[in-house]
Amino acid sequence: MTLLTILRYPDARLHKIAKPVTVFDERLKKLIADMAETMYDAPGIGLAATQVDVHERVVVIDSSETHDDLRVFINPEILWASPEKKLCQEGCLSVPGIYDEVERPAQVKVRAQDVHGKSFELSADGMLAVCLQHEIDHLNGFVFVEYLSPLKRNRIKTKMIKEEREMQRSEPTDKPRKARRGSAR
């Protein structure tokens with residue numbers, strides 16, 4: 001298995017709409033295994049293929065407290081969403097360190113396919129419902145911060161760009177450098 005690189009907001013690739021999966025083969029199984037390993041390593045509770053720059057409709061989720069209940073959703077679609085809404089604190093592996101409340105339907109019914117292409121339906125509430133909606137948003141090119149006010153979204157975008165620049169500056173080069181411990185940033 002391989003750890004995949006998670007795209008960071010505001011990377012434009014996060015806004016690509018994922019295409020349906022039509023071939024259920026070993027390549028897909030490897031993608032799912034790599035996505036699961038990446039999600040657990042991050043650590044996170046959900047990951048959409050879009051977030052690792054694979055624009056196919058694949059989602060992995062493990063919202064269990066013990067992190068031993070991996071669920072795979074291929075070509076997921078929301079069939080029904082409850083009129084009742086619920087506020088939930090959300091974060092995202094593509095927007096590390098940022099958490100905010102998002103209002104979403106409290107319950108959803110989803111249709112998807114498993115790793116073999118077999119269709120199934122699932123009704124969900126609580127954290128699983130939130131995760132499904134969040135990850136399906138990714139497949140549709142939508143990041144959770146887009147639910148926030150323009151002011152908050154712009155602040156987050158500026159912060160993410162600044163952090164990305166700092167990370168690029170601190171990446172090792174071919175020439176040895178002295179470590180700068182405790183320096184102000």
Side-chain angles (χ1 to χ4, degrees), residues 1-81 88 90-99 102 104-105 107-147 160 164 167 171:
M1 290 185 279
T2 305
L3 285 178
L4 305 171
T5 301
I6 299 172
L7 298 177
R8 289 173 55 105
Y9 180 81
D11 193 308
R13 294 172 289 180
L14 288 168
H15 297 292
K16 285 186 179 180
I17 297 173
K19 296 189 179 342
V21 172
T22 57
V23 178
F24 295 79
D25 58 3
E26 290 305 312
R27 182 202 63 85
L28 179 65
K29 289 178 184 172
K30 180 172 179 0
L31 172 64
I32 291 166
D34 291 347
M35 285 176 60
E37 183 178 9
T38 302
M39 176 190 70
Y40 287 126
D41 183 72
I45 61 173
L47 186 68
T50 300
Q51 293 176 269
V52 293
D53 203 20
V54 176
H55 302 284
E56 298 177 33
R57 299 188 75 76
V58 179
V59 166
V60 294
I61 293 175
D62 186 345
S63 58
S64 70
E65 289 187 25
T66 52
H67 307 293
D68 62 355
D69 186 25
L70 182 68
R71 296 173 185 236
V72 176
F73 299 86
I74 301 170
N75 300 324
E77 59 180 314
I78 296 174
L79 300 175
W80 173 84
C88 188
E90 289 190 33
C92 181
L93 296 177
S94 291
V95 194
I98 302 297
Y99 300 90
V102 175
R104 296 187 183 271
Q107 300 174 320
V108 292
K109 183 175 185 177
V110 174
R111 178 186 305 136
Q113 291 170 281
D114 66 16
V115 70
H116 306 290
K118 183 179 178 196
S119 289
F120 66 93
E121 291 184 5
L122 174 80
S123 293
D125 60 6
M127 186 54 69
L128 181 57
V130 171
C131 287
L132 282 164
Q133 293 171 81
H134 179 108
E135 301 308 335
I136 291 171
D137 275 352
H138 276 300
L139 299 179
N140 294 326
F142 199 79
V143 180
F144 94 99
V145 297
E146 293 167 42
Y147 285 105
M160 292 292 111
E164 185 69 24
M167 284 175 24
E171 286 179 0

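Here, residue 1 is the first one in the sequence, and each next residue gets the next number. Quick caveat, the model's predicted, so the values are computed rather than measured. Values reported hereafter were calculated over all heavy atoms of this structure, with side chains retained and with hydrogens, waters and symmetry mates removed.
Sorted by first then second residue, the ring pair (Phe, Tyr, Trp, His ring centres under 6.0 Å) pairs that include residues 22-76, not counting sequence neighbours, are Phe73-Phe120. Among residue pairs with one or both ends in residues 116-128, those qualifying as salt bridge (charged side-chain N to carboxylate O under 4.0 Å, His left out) are Lys109-Glu121, Arg111-Glu121; sequence neighbours excluded. The ring pair (Phe, Tyr, Trp, His ring centres under 6.0 Å) contacts involving residues 121-140 comprise His134-His138, His134-Phe144, where partners must be two or more places apart or lie in separate chains. Under the salt bridge (charged side-chain N to carboxylate O under 4.0 Å, His left out) criterion, the residue pairs touching residues 126-142 are Arg104-Asp137, with sequence neighbours excluded.
The heavy-atom pair separating Leu93 from Gly44 by the smallest distance is CD2-CA, 4.0 Å. For Met160 against Pro10, the heavy-atom pair with the smallest separation is CB-CD, 4.1 Å. Shown here for Ala129 and Ala124, the closest heavy-atom pair between the two residues is CB-O, 3.6 Å. Here the closest non-hydrogen pair linking Leu70 and Met39 is CD1-CE, 3.9 Å. Of all the heavy atoms in Leu139 and Pro76, the pair that sits closest is CD1-CG, 3.7 Å.
For Asp11, the side-chain hydrogen bond (donor to acceptor under 3.5 Å, both in side chains) criterion is met by Arg13, not counting sequence neighbours. In terms of the side-chain hydrogen bond (donor to acceptor under 3.5 Å, both in side chains) criterion, residue partners of Glu56 (sequence neighbours excluded) are, by chain and number, Arg27. Take Thr50 and apply the side-chain hydrogen bond (donor to acceptor under 3.5 Å, both in side chains) test, not counting sequence neighbours, and it matches no residue. Qualifying side chain to side chain contact (heavy atoms under 4.5 Å, CB included) partners for Thr2, counting only residues two or more places apart in sequence or in other chains: Lys30, Asp34. Partners of Leu3 by side chain to side chain contact (heavy atoms under 4.5 Å, CB included), not counting sequence neighbours, listed by chain and number: Glu37, Thr38, Asp41. The side-chain hydrogen bond (donor to acceptor under 3.5 Å, both in side chains) check on Ser123 picks up nothing, with sequence neighbours excluded. Residues satisfying the salt bridge (charged side-chain N to carboxylate O under 4.0 Å, His left out) test with Lys29, not counting sequence neighbours, are Glu26. Thr66 is linked by a side chain to side chain contact (heavy atoms under 4.5 Å, CB included) to Ser64, Asp68, counting only residues two or more places apart in sequence or in another chain.
Inter-residue side-chain proximity for Val145 and Glu90 is flagged as unmet; no heavy-atom pair is nearer than 4.5 Å. Between Ile32 and Val60, some side-chain heavy-atom pair lies under the 4.5 Å cut-off. In this structure the side chain of Met167 reaches within 4.5 angstrom of the side chain of Arg8, judged on heavy atoms.
For the atom pair CG of Leu122 and CG of Leu79, the computed distance is 10.5 Å after rounding to the nearest 0.5 Å. Residue Leu128 holds its CG atom at 10.0 Å from CG of Asp62, rounded to the nearest 0.5 Å. Going from atom CD of Glu65 over to atom CE of Met127 covers 10.0 Å, rounded to the nearest 0.5 Å. Here the straight-line distance linking atom CD1 of Ile45 with atom CZ of Arg71 works out to 12.0 Å at 0.5 Å rounding.
Under a 3.5 Å cut-off, the side chain of Ser94 and the backbone N or O of Leu7 do form a donor-acceptor pair.
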Checklist entry - Given the rule in the side chain to side chain contact (heavy atoms under 4.5 Å, CB included) test, do Val52 and Ile6 qualify, once you have shown the distances and angles that lead to the verdict? => result CA-CA 5 Å; Val52 293; Ile6 299 172; 4.3 Å; yes
Checklist entry - Given the rule in the side chain to side chain contact (heavy atoms under 4.5 Å, CB included) test, do Ile61 and Leu132 qualify, once you have shown the distances and angles that lead to the verdict? => result CA-CA 8 Å; Ile61 293 175; Leu132 282 164; 3.8 Å; yes
Next on the checklist: Walk me through whether His15 and Glu146 qualify under side chain to side chain contact (heavy atoms under 4.5 Å, CB included).
Outcome noted: CA-CA 11 Å; His15 297 292; Glu146 293 167 42; 2.6 Å; yes
